[in-house]
Every structure is written in structure tokens, then in C-alpha cells.
*Asks:* 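Below are the C-alpha cells for one structure; questions will follow.
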There are 2 protein chains.
Amino acid sequence: MDGTGWRPVKRTRTFEDVLAQIERRIAEDGLTAGDRLPAERQLAEQLGVSRSSVREAMRVLETLGVVSSQVGRGPDAGAVLTSRPDSALSDLLRLHLGLAGLEMREVIDTRHMIEQWAAARAAAARADISGLAAALAGMDAAGSAEEFVEHDTAFHCALADASGNRLAAAIMRSLRDSMRRYSVEAVQRLGDTSVLRADHVRILEAVRTGDPDEAARAVSEHLAHAYPSLFAV
Amino acid sequence: MDGTGWRPVKRTRTFEDVLAQIERRIAEDGLTAGDRLPAERQLAEQLGVSRSSVREAMRVLETLGVVSSQVGRGPDAGAVLTSRPDSALSDLLRLHLGLAGLEMREVIDTRHMIEQWAAARAAAARADISGLAAALAGMDAAGSAEEFVEHDTAFHCALADASGNRLAAAIMRSLRDSMRRYSVEAVQRLGDTSVLRADHVRILEAVRTGDPDEAARAVSEHLAHAYPSLFAV
DNA sequence: GATTCGGTATGGTCTGACCATACTGTGGTC
DNA sequence: GACCACAGTATGGTCAGACCATACCGAATC
């Protein structure tokens with residue numbers, strides 16, 4: 001506090017203004033996924049800024065999974081509004097893990113939280129289990145650890161989807177995405193996947209019979225089997 | 001499947017190459033928060049691309065909360081690696097809520113999940129409650145709904161921090177951030193905040209005495225009081 | 001009717017310039 | 001020697017203008 005009542009003027013960059021304008025337009029005009037934004041050159045002229053600034057704003061929106069840009073001409077070309085938070089979340093987690101701003105332990109703990117909750121939710125709602133069953137079959141047919149993890153990821157993401165909460169499911173997908181390599185190593189270390197298979201069947205059965213508590217327990221013990229070093233029940 | 005074995009060549013944009021290179025450098029050189037990246041012009045020359053492409057890559061990294069750019073000259077100028085996922089997550093949620101790609105109901109459900117888990121964790125660990133107490137005092141002194149929500153947010157974020165999981169805490173902060181306006185309206189609708197105060201005291205006590213189940217229950221009932229329309233226990 | 005081919009609007013990239021900012025070093029002043 | 005004023009300089013931020021590849025559109029052609 002310097003007592004003068006002055007506070008530092010926040011530096012506002014041009015592309016941030018552009019972002020704010022676009023966000024305002026989205027809110028005011030009620031734009032939703034599928035709608036098109038004006039072309040870069042047109043937007044630049046309308047806002048009285050250079051195309052570079054518009055492009056930097058577009059890059060931000062694209063990074064956040066809010067727009068998708070297509071080159072060329074026609075109805076599908078240009079910047080189209082989307083709603084794909086998944087890859088944005090994955091990038092975010094991956095980079096921050098790389099910067100040592102996060103630890104794998106925290107990621108797995110968070111995953112445990114979401115998955116327990118999602119399993120209980122899915123069981124309570126007697127959610128559709130066809131996705132779970134398909135992923136289970138995929139794991140049985142897998143010929144390598146990579147392939148196994150691929151279907152394992154599908155299983156757990158299907159479980160999150162079955163919770164009916166798209167936000168939780170998106171976070172789940174990103175978590176799995178950012179720990180893929182780690183999971184492959186864990187499966188290779190484990191060697192035998194029959195324990196994991198039994199766990200998956202148990203989770204599926206709990207959802208099918210509509211037993212939330214059992215579903216949560218099953219998830220918890222499954223993670224303890226898969227990541228014995230990091231995970232204590 | 002066209003049977004030819006061909007697959008569409010993924011269009012790779014220059015700035016994406018730059019991103020990949022920077023990410024590789026971070027991993028290989030073991031760069032962490034606080035380290036500096038080369039200047040834009042220098043990076044452009046080293047990678048053989050234009051400064052625009054480098055700038056677009058920088059914009060992406062900045063959006064993801066991985067770098068922070070400072071103008072001027074000196075040790076603090078230039079692009080510095082950071083690890084601030086919070087604002088990135090907030091932007092992401094806010095924009096996707098605006099696009100109707102997410103519903104408030106899902107945000108509050110997710111918040112419920114995290115907070116129940118965090119409260120139980122904090123209680124089990126007998127975490128430090130000074131932050132919770134300070135936020136509680138702030139709420140008592142608040143003169144408006146906005147001010148109340150400010151300290152309420154601090155309380156719940158402190159609870160998430162007390163879980164010891166930075167990822168869960170970061171998600172929590174972003175969730176609160178993106179639902180701020182909604183929370184203010186909820187408090188105004190409620191009028192009397194004494195019920196909320198009792199809930200907060202109950203949560204704090206549960207953490208202090210180390211009772212995880214009671215902490216989770218207290219959080220659950222608190223949310224039911226705060227958002228009666230959206231939340232069914 | 002089908003095909004071909006030029007026109008055109010789109011994003012992607014590059015170059016080169018200029019600005020505001022904020023440190024750095026130099027030289028002068030007390 | 002300590003201090004201060006000022007020019008130098010490296011930084012990100014912005015702009016203008018050009019060119020490219022892409023992909024659709026539509027008219028001319030067969």
C-alpha cells in the first residue's frame with residue numbers, strides 16, 4: 001500500500017482485447033458449438049487491429065479447445081466454434097508434469113477420486129455397460145502392453161462417461177492421457193494382467209447390479225493392484 | 001478403411017513444430033519453473049522459422065500457464081517458465097460454460113466430488129486449519145454478497161489446499177472462479193448466511209478433530225444448503 | 001449431365017519495420 | 001567514492017504487406 005490510491009495499470013495487450021471482444025460476442029449473440037467466427041482478415045478490420053493480433057487470439061482459443069480452424073473455402077472453412085476441452089486439459093497436465101509442477105502421485109490420487117465417484121454414480125444410475133464390456137473384450141484380445149493400456153483407458157473413460165458428468169469425464173480422459181506412458185510401464189512391471197481383469201469384471205458387475213458402495217470399493221482395490229508402489233488404500 | 005494402407009497426412013503447422021521443440025528441450029534439459037527460454041528472435045533464428053510462428057507457440061504456452069512473458073531487459077525479462085495451471089483451467093471452464101458445452105449442474109457436481117474428498121483427506125491428515133479460520137473470520141466481517149463469496153471461496157480453496165493435492169486444489173480454484181457470479185446470486189437469493197456459517201464451522205471442526213466421514217458429510221450438507229435448487233444429496 | 005479449369009476466400013507463413021519498456025553501462029557531478 | 005542523469009540496447013508487442021497451399025465455387029467445355 002503506497003497510500004496514494006494508485007495501483008499499477010494492468011498492461012493490456014491487443015490480442016487480449018480481441019479475446020475479450022470475441023468472448024463478449026459469444027455471450028451476447030448466444031453463439032454455440034458449430035457456429036462460425038468471421039474470417040481473420042475481416043475480424044482484424046472490424047476491430048481495427050492487425051491480423052497478427054487476431055491470429056494470436058485465435059491461437060489462444062484453439063489452445064483452449066474453443067475454436068477449430070480449417071483452411072480453404074466453403075461452409076466448413078474458417079474458425080468454427082467447438083467445445084473440446086479434452087486435448088486442452090491433456091496438454092495442460094502433460095506440460096505441468098514435465099515442468100515438475102505436478103507429481104504423478106497427485107495425478108493418480110485425483111484419478112482415484114474421480115473414478116470412485118464416477119463408479120458409484122454409474123452404479124446408482126444403473127448406467128449402460130455396453131461400453132465397459134466392449135473395452136473389456138478389447139483388453140482380452142490385446143497382444144501388447146500398449147494395446148492393453150489402450151483398451152484399459154477406454155474402459156475407465158467409459159466408466160467416467162457413465163457418470164453422466166461431462167466435466168468429470170473430460171478430466172478423467174486428460175488424466176489417463178497424460179499418464180499413458182506411466183501406465184504402460186506399470187502393466188509391463190506387473191506382467192500378469194489376470195488380476196486386473198478380475199478387477200474390471202468386478203467393477204462392471206457392481207455397475208450392472210447397481211451397487212454404488214461395491215463399485216467404489218472395487219475401483220479402489222483395482223488401483224491398488226495396478227499401482228502398488230504409489231497407491232495405499 | 002480404404003484398404004490402401006494410406007492414412008491422411010496430419011497437417012503440421014510451423015508453430016506446432018516450435019511447440020514440440022520447446023517441449024522436448026524442457027524435457028531433455030530438465031528445465032523447471034523459473035528458467036528462461038531464449039528470446040523470440042533468437043529462437044526463431046535457431047529453429048529456422050519466422051518470429052510470428054515462435055510468437056504463436058509462445059501464446060499457446062502462455063495460455064496453458066507454462067510460460068510468462070515480460071517485456072524490457074534484464075534477468076526477469078523474456079519468456080520465463082512458470083507452472084500456473086489455475087488461470088488456464090479457469091479460462092477453459094469459463095469459455096466452455098459460455099458455449100453451453102458444459103452446464104452449471106456438472107460444475108457443481110464436480111465441485112462436490114472434489115470437496116468431499118478434500119475434506120476427508122484434510123481431516124485424516126489433521127491438516128492445518130489456520131487458513132480455514134481466517135477465511136471464516138473474513139466471511140463474518142463481509143458487508144456484501146460479493147465480499148462474502150470472496151471469503152467463502154477462500155475457505156473452500158483452503159480446504160482443497162489442505163488435501164495436499166495440488167492438482168485437485170487447482171481444479172477446485174478454477175471451478176470456484178468460473179462459478180463466482182452464480183455463487184453471488186445464490187447467496188443473494190438465500191439472504192441469511194447464518195446457516196452457511198454453521199456449516200463452515202462444522203467442516204472446520206471435523207477437520208480439526210480428524211473425522212473424515214463427518215467432514216465429508218458436512219461438506220455435502222453445506223452444498224445442499226447453498227445450492228438447494230441444483231443439489232440433491 | 002459430367003468434366004475441367006480458373007477464380008477466390010480461407011488460414012499459414014514470412015519479412016521487415018517501428019514502438020514502449022526496462023535494464024546496463026558510462027560519464028559527469030557533488 | 002557515492003550518486004545521478006542519460007544514451008545504449010535487448011526485450012516483447014504490434015503493424016503492414018506480401019506470398020503460399022488449400023479447398024470450394026462456378027462458368028466454360030465436352
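The figures here come from the full heavy-atom set of this structure, side chains too, leaving out hydrogens, waters and symmetry mates. Note that the structure is predicted; figures quoted are calculated from it, not measured. Labels below follow one simple rule: chain letters A, B, ... track the order of the sequence lines, proteins then strands, and each chain is numbered from 1.
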*Asks:* Just the rounded figure in Å: distance from P of C:dC18 to CZ of B:Arg51.
*Replies:*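 Computing the B:Arg51:CZ to C:dC18:P distance gives 14 Å.
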
*Asks:* For B:Ala119 and B:Val207, which heavy atoms make the closest approach, and how far apart are they?
*Replies:*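 Distance-wise, the nearest heavy atoms are O-CG2, 4.3 Å.
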
*Asks:* Rounded to whole Å, please give me the gap between CD in B:Glu62 and C1' in D:dG12.
*Replies:*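 Result: 10 Å.
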
*Asks:* Is any side-chain N or O of B:Ser50 closer than 4.0 Å to OP1 or OP2 of C:dT13?
*Replies:*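 For C:dT13, OP1/OP2 do not have a side-chain N/O of B:Ser50 under 4.0 Å.
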
*Asks:* Quick check on B:Arg36: does its CZ atom have over 12 non-hydrogen neighbours (other residues, nucleotides or ligands) under 6.0 Å away?
*Replies:*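 Above 12, so yes.
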
*Asks:* By the 4.0 Å heavy-atom rule, please label A:Ser52 as base, sugar-phosphate, or nothing.
*Replies:*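 Since a base atom lies under 4.0 Å of A:Ser52, the category is base.
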
*Asks:* To the nearest Å, give me how far apart CD (B:Glu56) and C1' (C:dG12) are.
*Replies:*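 Interatomic distance, CD of B:Glu56 to C1' of C:dG12: 8 Å.
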
*Asks:* Could you give the CD-to-C1' distance, from A:Glu40 to D:dA16, as a whole number of Å?
*Replies:*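 About 15 Å, once rounded to whole Å.
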
*Asks:* Would you kindly give the CD-to-C1' distance between A:Glu45 and D:dC15, to the nearest whole Å?
*Replies:*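 A:Glu45 atom CD is separated from D:dC15 atom C1' by 15 Å.
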
*Asks:* Are the side chain of B:His112 and the backbone of B:Ile108 linked by a donor-acceptor contact shorter than 3.5 Å?
*Replies:*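 A pair under 3.5 Å: no.
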
*Asks:* In whole Å, I'd like the distance from the CZ atom of A:Arg13 to the P atom of D:dG12.
*Replies:*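 The distance from CZ of A:Arg13 to P of D:dG12 comes to 12 Å, rounded to the nearest Å.
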
*Asks:* Taking any heavy-atom pair under 4.0 Å as a contact, classify B:Ala39: base, sugar-phosphate, or nothing.
*Replies:*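 Sugar-phosphate contact only.
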
*Asks:* Map B:Pro75 and B:Gly72 onto DNA chain C by nearest heavy atom, then report which one ends up closer to the 5' terminus.
*Replies:*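 The 5'-side residue here is B:Gly72.
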
*Asks:* Please determine if a side-chain N or O atom of B:Thr14 lies less than 4.0 Å away from the OP1 or OP2 oxygen of C:dT13.
*Replies:*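 Answer is yes, contact under 4.0 Å.
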
*Asks:* Is it the case that the ring center of B:His151 lies less than 6.0 angstrom away from the ring center of B:His200?
*Replies:*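 Centroid separation for B:His200 and B:His151: 6.0 Å or greater.
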
*Asks:* For B:Glu185, I'd like to know if atom CD has over 12 heavy atoms of other residues, nucleotides or ligands within 6.0 Å.
*Replies:*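 Result for CD/B:Glu185: enclosed.
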
*Asks:* Mapping A:Asp76 and B:Arg73 to their closest nucleotides on DNA chain D, which lands nearer the 5' end?
*Replies:*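 The residue mapped nearer the 5' terminus is B:Arg73.
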
*Asks:* Write down the distance between CZ (A:Arg41) and P (D:dG17), rounded to a whole number of angstrom.
*Replies:*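 In whole Å, D:dG17 P lies 13 Å from A:Arg41 CZ.
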
*Asks:* Quickly work out the A:Arg55 CZ to C:dT13 P distance and round it to whole Å.
*Replies:*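 After rounding, the gap between these two atoms is 6 Å.
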
